2 protein chains.
Amino acid sequence: MSKPEVTTTRLDDAARAGWLYYVAGNTQDEIAAKLGISRQSAQRMVSLAVSEGLVKVRLDHPIARCLDLAEQLKQRFGLKMAEVVPTDPGSTSTTLGVADAAAAEMTRWLKSETPIVLGIGTGRTLKAAIELLSPIECPQHKVVSLTGNIAPDGSAAFYNVIFNIADKIKARSFPMPLPVIASSPEERELLHSQAMIRPVLELSAQATVAFVGIGDLSEEAPLFIDGFISREELLALRQAGGVCEIVGRAFDRNGVPLKGLTNDRVASAHIPSRDTAMVIAIAKGPKKLPGIEAALKGSLINGLITDEATAETLLAG
Amino acid sequence: MSKPEVTTTRLDDAARAGWLYYVAGNTQDEIAAKLGISRQSAQRMVSLAVSEGLVKVRLDHPIARCLDLAEQLKQRFGLKMAEVVPTDPGSTSTTLGVADAAAAEMTRWLKSETPIVLGIGTGRTLKAAIELLSPIECPQHKVVSLTGNIAPDGSAAFYNVIFNIADKIKARSFPMPLPVIASSPEERELLHSQAMIRPVLELSAQATVAFVGIGDLSEEAPLFIDGFISREELLALRQAGGVCEIVGRAFDRNGVPLKGLTNDRVASAHIPSRDTAMVIAIAKGPKKLPGIEAALKGSLINGLITDEATAETLLAG
DNA sequence: TTGTGGTATGGGCAAATACTCACACAACGG
DNA sequence: CCGTTGTGTGAGTATTTGCCCATACCACAA
């Protein structure tokens with residue numbers, strides 16, 4: 001006999017046992033007594049009810065939908081980790097919710113006893129996340145910046161958050177005292193070969209986990225708004241097919257880094273290897289969608305924190 | 001609301017834990033690890049999710065015996081609708097199972113696109129049912145109370161559930177700001193002629209469907225326990241042949257309303273006409289048997305939700 | 001009758017889960 | 001300011017559950 005073929009009365013009994021268990025809240029012992037069978041049989045009845053799909057559980061909470069979407073994201077894009085937070089339909093904030101979730105995820109990593117190397121990108125979302133981070137003492141960990149922290153005018157780049165996080169978690173921090181984008185490829189090489197910088201770059205390659213934002217390349221591209229690139233450079237990136245930027249480096253819609261242009265001068269560390277590190281992007285909203293899609297296609301990341309609406313669009317596409 | 005009042009984020013966490021447990025099939029240990037909390041807390045979260053009613057279990061199996069009994073009930077007593085849930089032999093609860101079924105039946109009605117008028121009685125069973133009701137937005141419907149909601153001491157009658165249900169389903173609600181039993185027939189007339197009350201009474205007569213409980217008139221009669229009638233009044237009702245009470249109005253064993261006594265002063269609306277409305281009683285257990293029999297004999301109802309044991313006794317008698 | 005293959009049963013045990021308790025901490029009220 | 005009260009937490013412990021396995025049972029064929 002190929003099919004399991006369960007008889008009707010058997011399923012009836014299973015349903016009854018399942019009812020007594022799940023609805024009436026009996027223990028298997030009690031069910032056994034009431035149905036006049038052994039506890040083991042009662043257990044079998046209950047598990048039969050489950051395996052035959054008689055028992056359906058539903059969670060009456062918006063969160064349930066989010067978890068479901070997260071699971072789908074992981075499946076579909078081969079992510080190791082995904083988190084979807086509820087969308088607040090009214091809000092236009094690009095950080096609401098995801099920042100909290102990112103802070104929570106960071107905390108989970110930081111709670112580890114064994115030392116980790118935490119790579120940190122840049123951006124508004126990340127800054128918001130770190131502001132939400134609860135202070136926690138983790139002297140065992142190291143936190144390393146993936147981007148330079150010097151703005152074009154020589155001031156500290158505002159959305160470079162390495163100091164903020166280091167302060168919050170009392171870990172040793174490794175900032176990258178460089179401009180985000182050097183003036184020429186040669187300057188970048190020169191800077192990268194400095195004794196102060198090299199160990200930071202090496203450390204960033206060893207990151208256990210990295211949190212990065214995804215920047216769009218629209219008219220309001222953070223790289224442009226914050227003055228790291230000129231309007232002409234922004235247009236050139238778009239012309240070349242660029243749709244997003246991670247730690248300053250521009251990618252096309254397939255997540256392939258653009259050749260030339262500002263990419264030749266980006267002084268940031270490379271995104272850590274997805275084989276050895278968790279690279280978690282924090283991004284939501286329609287403006288970031290092409291960027292997220294690119295990052296997923298190009299396997300630039302293996303973790304994503306986003307919101308419901310964004311997740312739905314990603315899965316629909 | 002005198003409820004414990006659990007904050008949103010706490011419920012969110014509970015939902016998350018519940019999802020991981022029931023949907024994703026994690027053990028509590030795994031949940032604890034994933035959420036970065038202790039196993040005990042994970043357990044608490046899961047049980048919170050259950051106790052807050054976030055987790056709904058449904059059994060997708062018509063237990064043959066119950067269906068059979070339901071069919072027989074419909075045939076024998078000319079009901080339009082009957083539902084029989086399994087009996088838990090050991091339990092003394094008067095709501096277990098039937099409340100779930102009632103909630104499911106309500107949901108079925110509420111899902112209707114076309115606006116309905118939902119009449120709601122009172123009582124423990126009904127309250128339990130409404131607590132199990134999943135929140136569902138139905139602004140198209142109206143829900144009207146069939147009984148007054150003022151207790152003898154002036155407080156809100158505890159088992160009047162119009163507000164609970166209105167809150168759950170986001171429908172316009174029509175409570176009846178009256179005492180359940182007026183001090184005299186004259187007072188009742190006066191109250192009923194009020195401009196605030198009349199529309200409610202008229203609406204209740206137009207109900208599409210009404211859910212009512214059946215109260216017994218034993219020493220533990222809810223009317224008496226909750227202080228709506230005195231012991232003397234209770235005894236008088238029994239003396240006069242009363243066996244049950246629906247929306248406060250007492251009936252004899254044939255389902256004929258008693259003349260005089262407290263019935264002259266009951267301020268409740270009449271049970272909607274069985275010709276135009278579904279009137280569904282929710283009741284089980286030996287104590288309610290005479291009441292259910294009376295309601296069936298007097299054709300006070302055309303729908304019944306009860307349990308196996310009660311159904312069997314009804315059919316045997 | 002006996003053997004054989006398949007299936008159901010219950011004992012036993014480790015894992016998982018629920019519960020109780022004591023304590024920490026914050027909010028509240030004198 | 002200090003007790004009081006309520007709430008949340010972790011530790012420890014009892015209960016419950018899931019699962020393996022030896023055994024009993026049954027139908028059927030030799």
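Keep in mind that what you see is a predicted model, and the values were worked out from it rather than measured. Residue numbers start from 1 in every chain, and the chains themselves are labelled A, B, ... in the order their sequence lines are given, proteins ahead of strands.
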Side-chain donor-acceptor distances from residues 115-125 of chain A under 3.5 Å, at least two apart:
from     : atom 1 : to       : atom 2 : distance (Å)
A/Thr122 : OG1    : A/Tyr159 : O      : 2.6
A/Arg124 : NH1    : A/Asp226 : OD2    : 3.1
A/Arg124 : NH2    : A/Asp226 : OD1    : 2.7
A/Arg124 : NH2    : A/Asp226 : OD2    : 3.4

Seminar exercise, completed: For A/Pro175 and A/Ile162, the nearest pair of non-hydrogen atoms, with its separation, is CB-CG2, 3.9 Å
For this session: Please name all residues satisfying salt bridge (Lys or Arg N to Asp or Glu O under 4.0 Å) with A/Glu312, sequence neighbours left out, ordered by chain then number.
Result: A/Arg65
Exercise. What residues, two or more places apart in sequence or in another chain, satisfy salt bridge (Lys or Arg N to Asp or Glu O under 4.0 Å) together with B/Arg172?
Worked result: none
Exercise. Do B/Lys127 and B/Asn160 have side-chain heavy atoms sitting under 4.5 Å apart?
Worked result: no
Exercise. Is the closest side-chain donor-acceptor distance between A/Asp29 and A/Thr27 under 3.5 Å?
Worked result: no
Problem set entry | Pair B/Thr310, B/Lys288: side-chain N/O donor-acceptor within cut-off below 3.5 Å | no
Exercise. Which parts of residues 32-46 of chain A get close to DNA chain C, meaning a heavy atom less than 4.0 angstrom away?
Worked result: A/Ser38, A/Arg39, A/Gln40, A/Ser41, A/Arg44
Exercise. By a strict heavy-atom criterion of less than 4.0 Å, which residues belonging to residues 16-30 of chain B are in contact with DNA chain C?
Worked result: B/Tyr21, B/Thr27, B/Gln28
For this session: Can you tell me the distance, in whole Å, between the CD1 atom of A/Ile31 and the P atom of D/dT16?
Result: 12 Å
Can you list, pair by pair, the side-chain donor-acceptor contacts under 3.5 Å of residues 34-42 of chain A, counting residues two or more places apart and other chains?
from    : atom 1 : to      : atom 2 : distance (Å)
A/Lys34 : NZ     : A/Asn26 : OD1    : 2.7
A/Lys34 : NZ     : B/Asp88 : OD1    : 2.3
A/Lys34 : NZ     : B/Asp88 : OD2    : 3.3
A/Ser38 : OG     : A/Ser41 : N      : 3.2
A/Ser38 : OG     : A/Ser41 : OG     : 3.0

